[in-house]
J.: 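One structure is given below, represented as structure tokens, and several questions about it will come after.
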Amino acid sequence: MKRTSIFIITFIILISNILKANAGELKYELNCKSAVLIDAESGRVLFDKNKDEKRAIASLTKLMTYYTFIEGVGNEYKNNFIIYNIDNKKFNYDEPILNVNYGEKVKIDDLITAMLVFSANNAPEVLEQEFCRTKKEDFIYRMNENAKLLGLNNTHYINSSGLTKNNKYNVSTAYEQALLSYNILKKYYDILKYTSLKSFKYKNKIYFSTNKLLGNFKGVDGLKTGYTDEAGYCLVTTIDVTNSNGNGKPLRFISVVLGCDTKNDRFEDTKKILNYAINNYENFVVTNKDVFEIENKDFIGEKIKYSPRTDVVVLKKKNETVVINCQLNKNLKNNIKKGDNVGKITIKTSVGQVEVDAVATSDFNRKSIFYKIKEYIFYLLKELGWFGWIKLKTI
């Protein structure tokens, strides 16, 4: 059903919800060394604590391993089988590895699942070898080149697993790990097929996810845990809040915590960040069925009705004022037809701004010189009191 709201240039909507959390206070409630929260639709930063501080990232590395492998060989390659040619004795007894024997055929999709679900350290090494064999290019070099291409200028990789080797380790920042995750979700959304699994079965053995928020925090469906002595406990999380905060449009958040002291801290810190997001942010939606009016005395009726050409979504704080402006085109046609572009609608919040074409919802005709003369005569007659009994009608 169409809603018609009359406003001149600026339309302001005031929402009375009370802000339930303060970003400044949230910083001091977190145990992690650095953290960030971004909108997964736009990539905008909504909260941070030392987001640009370079730190070890441990197995968060495997997100770039996934991205680099799929970017290089393609999604369809995941269904291929390869020969496992790694001696499992090279891994420490307490390292997570997928139970595959030397010389055994293994499906690449199972290696990816093992890498992302329970952080198997043999999986990225096999993927790295297969990439080098097929692409004839060094995998770690490509990981670092991809980082540059994505704007991760404070990120550097020395291996594909995230382990510390000879006192050297992969480094990044909370923000750049969020930015990487943002790009993965934009391009390879089906990563969630893996990261949303609470467990998976391989050769009659069940492997459980290292992400304990799965199934315990509504909407969480990824992405990756990490831990080494140098990195502390880390976690990249993504949550789908479309049903609760989307107002009919998709809404997802990405959070990152780095450098937590305990395994539990990374989950508790993440819960605080996600609750902050849920309590404070929501989509503001204007659909192409919403009809507005703007005054224009050059046209018969002195108002032009318009709608956005497409649905418009912008993130906003729950208690804020949203400002909608319409700027009409300078050179409007004399006879505007339904669907014609008549200007630009700008929707602005404290989080961001969106611009969309404004289109006429019906036909509008510019006043002719004869119409204006007739209009002026009626105006004079009315002002002078002549023929007061005449009922003036809109022509």
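Quantities reported herein were computed from a predicted structural model and do not represent experimental measurements.
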J.: Does this structure show an ion pair linking Asp190 with Lys78, if we count only N-O contacts that are shorter than 4.0 Å?
T.: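 Yes.
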J.: Any link between Val171 and Leu152 through a network of hydrophobic side chains (Ile, Leu, Val, Met, Phe, Trp, Tyr) touching at under 4.5 Å?
T.: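 Different clusters.
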J.: Look only at the side chain of Asp357 and the backbone of Arg309, and say whether a donor-acceptor pair between them is shorter than 3.5 Å.
T.: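 No: the side chain of Asp357 does not pair with the backbone of Arg309.
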J.: Any side-chain heavy atom of Asn170 within less than 4.5 Å of one from Ile158?
T.: yes
J.: Has Phe267 got more than 12 heavy atoms of other residues, nucleotides or ligands less than 6.0 Å from its CZ?
T.: yes
J.: Give me each pair satisfying salt bridge (Lys or Arg N to Asp or Glu O under 4.0 Å) with a member in residues 198-212, each pair once, sequence neighbours excluded.
T.: Glu104-Lys203
J.: If you link I, L, V, M, F, W and Y whenever their side-chain heavy atoms are under 4.5 Å apart, who else ends up in the same group as Tyr227?
T.: Tyr233
J.: ring-ring contact (aromatic ring centres under 6.0 Å, His included) with Phe200: which residues, sequence neighbours excluded?
T.: Tyr207
J.: Between Phe139, Tyr67, Tyr66, which is the residue that forms a ring pair (Phe, Tyr, Trp, His ring centres under 6.0 Å) with Phe131?
T.: Phe139
J.: Under the salt bridge (charged side-chain N to carboxylate O under 4.0 Å, His left out) rule, collect the residues that match up with Glu53, sequence neighbours excluded.
T.: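 Glu53: salt bridge (charged side-chain N to carboxylate O under 4.0 Å, His left out) contacts with Arg55.
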J.: Is there a path of hydrophobic side-chain contacts, each under 4.5 Å between heavy atoms of I/L/V/M/F/W/Y residues, joining Leu98 to Tyr194?
T.: yes
J.: Please round to the nearest 0.5 Å and tell me the distance separating atom CD1 of Ile140 and atom SG of Cys132.
T.: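 Answer rounded to 0.5 Å: 8.0 Å.
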J.: State plainly whether the residues Glu176 and Lys51 are in salt-bridge range, i.e. N to O under 4.0 Å.
T.: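 The answer is no: the pair does not qualify as a salt bridge.
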J.: Do Leu235 and Leu46 belong to the same hydrophobic cluster, where Ile, Leu, Val, Met, Phe, Trp and Tyr are linked whenever their side-chain heavy atoms lie under 4.5 Å apart, directly or via other members?
T.: yes
J.: Let me know which of Leu223, Ile254, Leu274, Val257 forms a side-chain contact (heavy atoms from CB on, under 4.5 Å) with Thr237.
T.: Leu274
J.: Salt-bridge test for Lys193 and Asp221: reply yes if a basic N is under 4.0 Å from a carboxylate O, no otherwise.
T.: no
J.: Linking Ile, Leu, Val, Met, Phe, Trp and Tyr through side-chain heavy atoms less than 4.5 Å apart, which residues share a cluster with Phe208?
T.: Ile206
J.: How would you list all residue pairs meeting salt bridge (Lys or Arg N to Asp or Glu O under 4.0 Å) that involve residues 124-135, not counting sequence neighbours?
T.: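 Sorted pair list: Lys90-Glu125, Glu130-Arg133.
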J.: Does Lys316 come within less than 4.0 Å of Glu282, counting only side-chain N to carboxylate O?
T.: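 A salt bridge links Lys316 with Glu282.
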J.: Could you work out the complete set of other residues in the hydrophobic cluster of Val359, with links drawn between I, L, V, M, F, W and Y side chains under 4.5 Å apart?
T.: none
J.: Answer with yes or no whether the side chains of Ser362 and Lys337 bring together a donor and an acceptor at under 3.5 Å.
T.: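 The criterion, which ignores hydrogens and geometry beyond distance, is not satisfied for Ser362 and Lys337.
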J.: What I'd like to find out is whether the side chain of Val313 reaches to under 4.5 Å of the side chain of Leu251, using heavy atoms alone.
T.: no
J.: Taking only residues two or more places apart in sequence or in another chain, which ones pass side chain to side chain donor-acceptor pair (under 3.5 Å) with Asn247?
T.: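 So Asn247 forms no side chain to side chain donor-acceptor pair (under 3.5 Å) with any residue.
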J.: Would a hydrophobic clustering, with Ile, Leu, Val, Met, Phe, Trp and Tyr connected at side-chain separations under 4.5 Å, put Leu197 with Leu63?
T.: yes
J.: Show which residues join Ile83 in its hydrophobic cluster (side-chain heavy-atom contacts under 4.5 Å, direct or indirect), or state none.
T.: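 Once heavy-atom contacts under 4.5 Å are chained together, Ile83 still belongs with nothing else.
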J.: Side-chain heavy atoms nearer than 4.5 Å, only ILVMFWY residues, links allowed to pass through others: does that put Tyr141 and Phe69 together?
T.: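 As far as the 4.5 Å side-chain criterion goes, Phe69 and Tyr141 are not connected within one cluster.
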J.: Tell me whether Lys367 is salt-bridged to Asp298, with the criterion being a basic N under 4.0 Å from an acidic carboxylate O.
T.: no
J.: Tell me, please, which residues at least two apart from Asp138 pass salt bridge (charged side-chain N to carboxylate O under 4.0 Å, His left out).
T.: none
J.: Between Glu293 and Lys305, is there a salt bridge with N-O shorter than 4.0 Å?
T.: yes
J.: Under the rule for salt bridge (charged side-chain N to carboxylate O under 4.0 Å, His left out), what residues qualify as partners of Arg44, not counting sequence neighbours?
T.: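 So Arg44 forms no salt bridge (charged side-chain N to carboxylate O under 4.0 Å, His left out) with any residue.
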J.: Return the set of residues passing ring-ring contact (aromatic ring centres under 6.0 Å, His included) with Phe91 (not counting sequence neighbours), or none when no residue passes.
T.: none
J.: Enter the distance from Ile97:CD1 to Phe118:CZ here, rounded to the nearest 0.5 Å.
T.: 8.0 Å
J.: Inspect the contact between Glu137 and Arg142 and indicate whether a charged nitrogen and a carboxylate oxygen are less than 4.0 angstrom apart.
T.: yes
J.: With a sphere of 6.0 Å drawn around CG of Asn167, does it hold more than 12 non-hydrogen atoms of other residues, nucleotides or ligands?
T.: no
J.: Check whether the side chains of Asn122 and Tyr84 place a donor and an acceptor atom closer than 3.5 Å, and report yes or no.
T.: yes
